[in-house]
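Here is the structure we will look at, set down as structure tokens.
Values below: all heavy atoms of this structure, side chains included; hydrogens, waters and symmetry mates excluded. Numbering of ligands and ligand atoms starts at 1, following listing order.
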Amino acid sequence: MRTTDTKLVKITNQTKSLDELKQAGEIIKNGGLVVIPTETVYGLAADALNPSAVAGIFSAKGRPADNPLIVHIASISDIDMLCFDIPDIAYKLADKFWPGPLTMILKKRDIVPDVTSGGLNSVAVRMPSHEVALEIIRQSGTALAAPSANLSGSPSPTKAGHTIADMNGRVDMIVDAGDCEVGIESTVISLLSETPVILRPGAVTADMISECIGKVKIDRAVMAKPGRGDKVLSPGVKYKHYSPRADVIILNGSTEQFVSYVNSKIQSGVYALCFDECKGDIKIPVISYGSISNDREQAHKLFSALRKLDEKGALTVYAQPPSQDGIGLAVYNRLIRSAGFKIIEL
Ligand code: TXA
Ligand code: MG
């Protein structure tokens, strides 16, 4: 990994900041790395079509080379440049959900280098809705490979401060545009098989997708720990993810059971991660991540809460899990990974 001076720019008003966004585009054109805001999480962007620039992403993150990247575009028609044999449902999904937090896996054209697709013959494509992201893509004149801008294995960054903690000195520029609205990464759907498969749940839910294109499956790896030797559809699921330094353990049960379990664990370094409603009843140090009935708020706050627990020096964290409905499924998917699938049934 090279070390470099990282330029920090803050965008409060996009039109006034056009010069900075042009500069970000220039850096990417020249093979550099720029942390960009998106509506989901911050991304670590480079020219997706430049193999050595993309290699820089892997080394800055410490990411395994077989874990492919998402390619970000600023116009729907760019999928034709990157992919072939595109099914009609891809255009239907793009019309309905782009720009926005949905990533589609399609057959890859040769223009997309192997390093970007982790050696696969498919490529993940998404058009983000964040205006700053779109402007940087346009200014760069190319498509941007951008994984979440965290060190591999850490919780995804939803605030510029998170990316500064992980990426300062590893990238050419960090573009700070405030907090990411959604807070968890895009829904990833594979359109390679007859029935589309959701590989990673997100803010675009299975119900929303099936309303648009009919039957859709949810990959079993979304909720289960892949067994050794299992064939995985999305390489990302093999790796440790979203983990704070603390040991996270999910407690499955009622709110009353949760409160009484954690209150019996008063010990230095032990924290609770729970919903706002029961925060007041908990006698150990606690961080909440939204209301029990608001899955959007939970998604918005989860990664930030996991990082806060590290900042406070938590060693063990007992977590109250969300419902698995709607966006709750995506929140649960991130939480069980951050817990390394450790669950206690109360
Ligand atoms: O919201 C997001 O998607 C954010 C922002 C920055 O756009 N990006 C993001 O990228 O979450 P990343 O690299 O952290 O996650 C990409 C996921 C990984 O799990 C990867 O394995 C999967 O998408 N993926 C990428 N290309 C794939 C492919 N061709 N086939 C199967 N899975 C793929
Ligand atoms: Mg990631």
For Ser148, atoms of ligand 1 separated by under 4.0 Å from a heavy atom = 8 (N), 9 (C), 10 (O), 12 (P), 14 (O)
Quick check: does Ser148 have an N/O/S atom under 2.8 Å of the Mg ion (ligand 2)?
-> yes
Test side chain to side chain donor-acceptor pair (under 3.5 Å) applied to Asp47 and Thr116, Thr142, Asn30, the passing residue = Thr142
Nearest neighbour of atom 18 (C) of ligand 1 from the list Asn150, Val112, Asn67, Val41, on a heavy-atom basis = Asn67
Arg200 to ligand 1: N or O pair under 3.5 Å?
-> yes
Quick one: look at Lys108 and ligand 1, take heavy-atom pairs under 4.0 Å, and tell me if it's side chain, backbone, both or neither.
-> neither
Considering only heavy atoms of Pro68, which atoms of ligand 1 have at least one such atom less than 4.0 Å away?
-> 20 (C), 21 (O), 24 (N), 25 (C), 26 (N), 27 (C), 28 (C), 33 (C)
Counting each atom of ligand 1 from 1 as listed, which ones have a heavy atom of Ile70 under 4.0 Å away?
-> 3 (O), 8 (N), 9 (C), 10 (O), 16 (C)
Among Lys107, Met127, Arg63, which residue places a heavy atom closest to atom 13 (O) of ligand 1?
-> Arg63
Can you tell me if Thr205 and Asp207 form a side-chain donor-acceptor pair at under 3.5 Å?
-> no
Numbered atoms and elements of ligand 1 in range of Ile105, under 4.0 angstrom, heavy atoms = 27 (C), 28 (C), 29 (N), 30 (N), 31 (C), 32 (N), 33 (C)
No-hydrogen, no-angle side-chain donor-acceptor test under 3.5 Å, Asp276 and Ser291 | no
Do Asp80 and Tyr91 have side-chain atoms, one donor and one acceptor, less than 3.5 Å apart?
-> yes
Distance in Å, Thr187 OG1 paired with Leu199 CG, rounded so as to fall on 0.5 Å steps = 10.5 Å
Heavy-atom proximity to atom 8 (N) of ligand 1, picking from Gly43, Pro128, Ala146, points to Ala146
The atoms of ligand 1 lying under 4.0 Å from a heavy atom of Leu120, numbered in the order shown, are 28 (C), 29 (N), 30 (N)
Could you name the option among Ser186, Ala145, Pro64 that has the heavy atom nearest to atom 3 (O) of ligand 1?
-> Ser186
Is the gap between the ring centers of Tyr289 and Phe275 under 6.0 Å?
-> yes
Looking at CG of Asp176 and CD of Glu20, how far apart are the two atoms once the value is rounded to the nearest 0.5 Å?
-> 11.5 Å
Sort out for me which residue in Arg126, His130, Glu185, His72 forms a side chain to side chain donor-acceptor pair (under 3.5 Å) with Thr38.
-> Arg126
Ignoring hydrogens and angles, state whether a donor on the side chain of Ser304 or Thr158 is under 3.5 Å from an acceptor on the partner side chain.
-> no
Among Gly119, Ser122, Ala149, which one has a heavy atom closest to atom 29 (N) of ligand 1?
-> Ser122
Any N or O of Thr40 that comes nearer than 3.5 Å to an N or O of ligand 1?
-> yes
